[in-house]
Amino acid sequence: SLSLLDTNLPTEAETELRSFIAKRLTKGALFEGMGNVASVGLSIPEYKVGCYYCRFQQENLLEMATLESDINAPEYVVCFLGGSEKEDTFRLELDKYVQSLKINLNLEQKTLETYINPYLRSWFENAICPIQRVVQLFQEKLAFLLHAALSYTPVEVKNADERTEKDISRFLAAASLQGLVQEGTMTSLCIAMTEEQHKSMIIDCSGPQPQLHNAGSNRFCEDWMHAFVNGAEGGNPFLFLQILENFKLKAIQDINNLKRFIRQAEMNHYALFKCYMFLKNCGSGDILLKIVKVEHAEMPEARNVVTVLEEFMRE
């Protein structure tokens, strides 16, 4: 059976939601720590809403239950309701948000009022809105942030409040190609960028607009910055994650195209010229060349092509 711990839903809607969750539990459709998103029909409001729901156990009690099998750690289900099923776009972010709740969960009345209730009620602002806040804060300067994320440039944030610093960090992680390029490539690139620049990009948030030092950009990042800034006019936080995913998808496509051209150029001088023209016209030749240079470091023929391309680009 399900008993209510905290809600900000009207009684009737809360009863309907509890019935929906109970059915899911009976079917065994809720796995520990893995959230789901579904459409739920509630009488208040009188339309279907997107519901993220996740089953979890308190971290320290879960460990005790594992050690002593006769202890039954209590289980909880957390639900966040939004206007549509677009919460699915942010499912991983919401899983992380619940993970943090799981670690800090303590059901004493004092903790419930001072930490858990405010934490649950600010889920949308804390898990969904950070990318939107960064776009609104940086505006046209977002191009520099996108460039830093793509090129693995170290970033240092100064004079920012805790929320802004976390927002910037989350944006950089979300905009990077982590998990999309080989792990070894990413590590080597991070080392190469740190050694090459000797300087982090500094973001100073002491004024109303962030000031950036040692910042780089290119045409590719500037074009995508406009997509974000134009999207900000609609004020839909779900749109920004979609733009960010498309930005990364295009970067990966460009990397794969360049790698294909390099393979062709190992045997064909015309393909080498094609490589050069692609780098010149794609808008992010500076970053792509660094990525393929690291990936082809152990391949002599490809490395020679990259060296020639570097000379062309310098000229």
Side-chain angles (χ1 to χ4, degrees), residues 1-132 163 166 170 174 236-238 241:
S1 70
L2 289 166
S3 53
L4 181 66
L5 187 64
D6 183 37
T7 186
N8 59 355
L9 277 177
T11 309
E12 191 181 342
E14 187 277 313
T15 306
E16 291 164 345
L17 180 61
R18 206 189 309 190
S19 166
F20 167 79
I21 295 297
K23 284 175 189 166
R24 295 279 164 143
L25 281 168
T26 308
K27 289 177 183 173
L30 275 80
F31 299 101
E32 161 73 28
M34 285 174 62
N36 294 277
V37 175
S39 185
V40 184
L42 301 178
S43 52
I44 307 168
E46 292 178 354
Y47 55 83
K48 291 199 168 195
V49 292
C51 173
Y52 166 88
Y53 55 96
C54 184
R55 179 173 73 88
F56 69 97
Q57 289 176 292
Q58 194 175 334
E59 192 82 347
N60 52 356
L61 290 179
L62 186 61
E63 287 166 13
M64 284 169 63
T66 309
L67 293 169
E68 302 174 41
S69 54
D70 56 336
I71 293 177
N72 280 327
E75 294 188 302
Y76 305 93
V77 178
V78 64
C79 299
F80 299 129
L81 298 178
S84 69
E85 286 186 62
K86 284 180 179 170
E87 281 76 12
D88 196 37
T89 317
F90 282 86
R91 192 170 51 77
L92 292 176
E93 280 79 1
L94 290 168
D95 282 352
K96 286 176 200 163
Y97 198 68
V98 171
Q99 180 65 23
S100 184
L101 175 70
K102 178 178 163 175
I103 292 162
N104 296 298
L105 188 64
N106 180 338
L107 295 181
E108 291 172 11
Q109 192 59 34
K110 189 180 168 191
T111 317
L112 202 62
E113 288 167 7
T114 58
Y115 174 76
I116 293 170
N117 293 12
Y119 187 84
L120 287 172
R121 284 159 204 264
S122 54
W123 71 272
F124 189 80
E125 187 183 317
N126 290 341
I128 308 293
C129 294
I131 292 171
Q132 183 180 32
R163 188 175 82 165
K166 275 186 182 171
R170 280 186 59 179
N236 179 356
F238 296 104
L241 194 63

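The model shown is predicted, which means the values in this text are computed figures rather than measured ones.
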By side chain to side chain contact (heavy atoms under 4.5 Å, CB included), which residues pair with L4, not counting sequence neighbours? T7, E14, R18
Pairing residues for S122 by the side chain to side chain contact (heavy atoms under 4.5 Å, CB included) criterion, not counting sequence neighbours: Y97, N126
Rounded to the nearest 0.5 Å, what's the gap from [atom1] on [X] to [atom2] on [Y]? Could you check?
X   : Y   : atom1 : atom2 : answer
C79 : L17 : SG    : CG    : 4.5 Å
I21 : L30 : CD1   : CG    : 6.0 Å
L92 : Q99 : CG    : CD    : 12.5 Å

Hey, are the side chains of [X] and [Y] touching, using non-hydrogen atoms and a 4.5 Å cut-off?
X   : Y   : result
V98 : F80 : yes
L81 : L42 : yes
E32 : F56 : yes

Which of these, V78, N36, L101, sits in a side chain to side chain contact (heavy atoms under 4.5 Å, CB included) with C54? V78
So which pairs with a foot in residues 114-127 pass salt bridge (charged side-chain N to carboxylate O under 4.0 Å, His left out), sequence neighbours left out? D6-R121, E125-R163
If you look only at pairs with a residue in residues 49-58, which of them pass as a salt bridge (charged side-chain N to carboxylate O under 4.0 Å, His left out), with sequence neighbours excluded? R55-E75
Any side-chain to backbone donor/acceptor pair from R91 onto M34? Under 3.5 Å, distance only. no
Is the backbone N or O of A22 less than 3.5 Å from a side-chain atom of T26, with the two atoms forming a donor-acceptor pair by type? yes
For a quick test of reading the model, state the closest non-hydrogen atom pair linking [X] to [Y] and the distance between them.
X    : Y    : answer
Q132 : N236 : NE2-N, 4.0 Å
P237 : F124 : CG-CZ, 3.8 Å
G82  : V49  : O-CB, 3.2 Å
A174 : I131 : CB-CD1, 4.4 Å
R170 : A127 : NH2-O, 3.1 Å

What class does the angle between the rings of Y53 and F20 fall in, given that below 30° is parallel, 30 to 60° is tilted and above 60° is perpendicular? perpendicular
F238 and F90 aromatic ring geometry - parallel, tilted or perpendicular at 30°/60° bounds: perpendicular
For E16, all residues meeting side-chain hydrogen bond (donor to acceptor under 3.5 Å, both in side chains), sequence neighbours excluded: S43
List for me each residue that meets side-chain hydrogen bond (donor to acceptor under 3.5 Å, both in side chains) alongside N117, sequence neighbours excluded, and say none if there are none. none
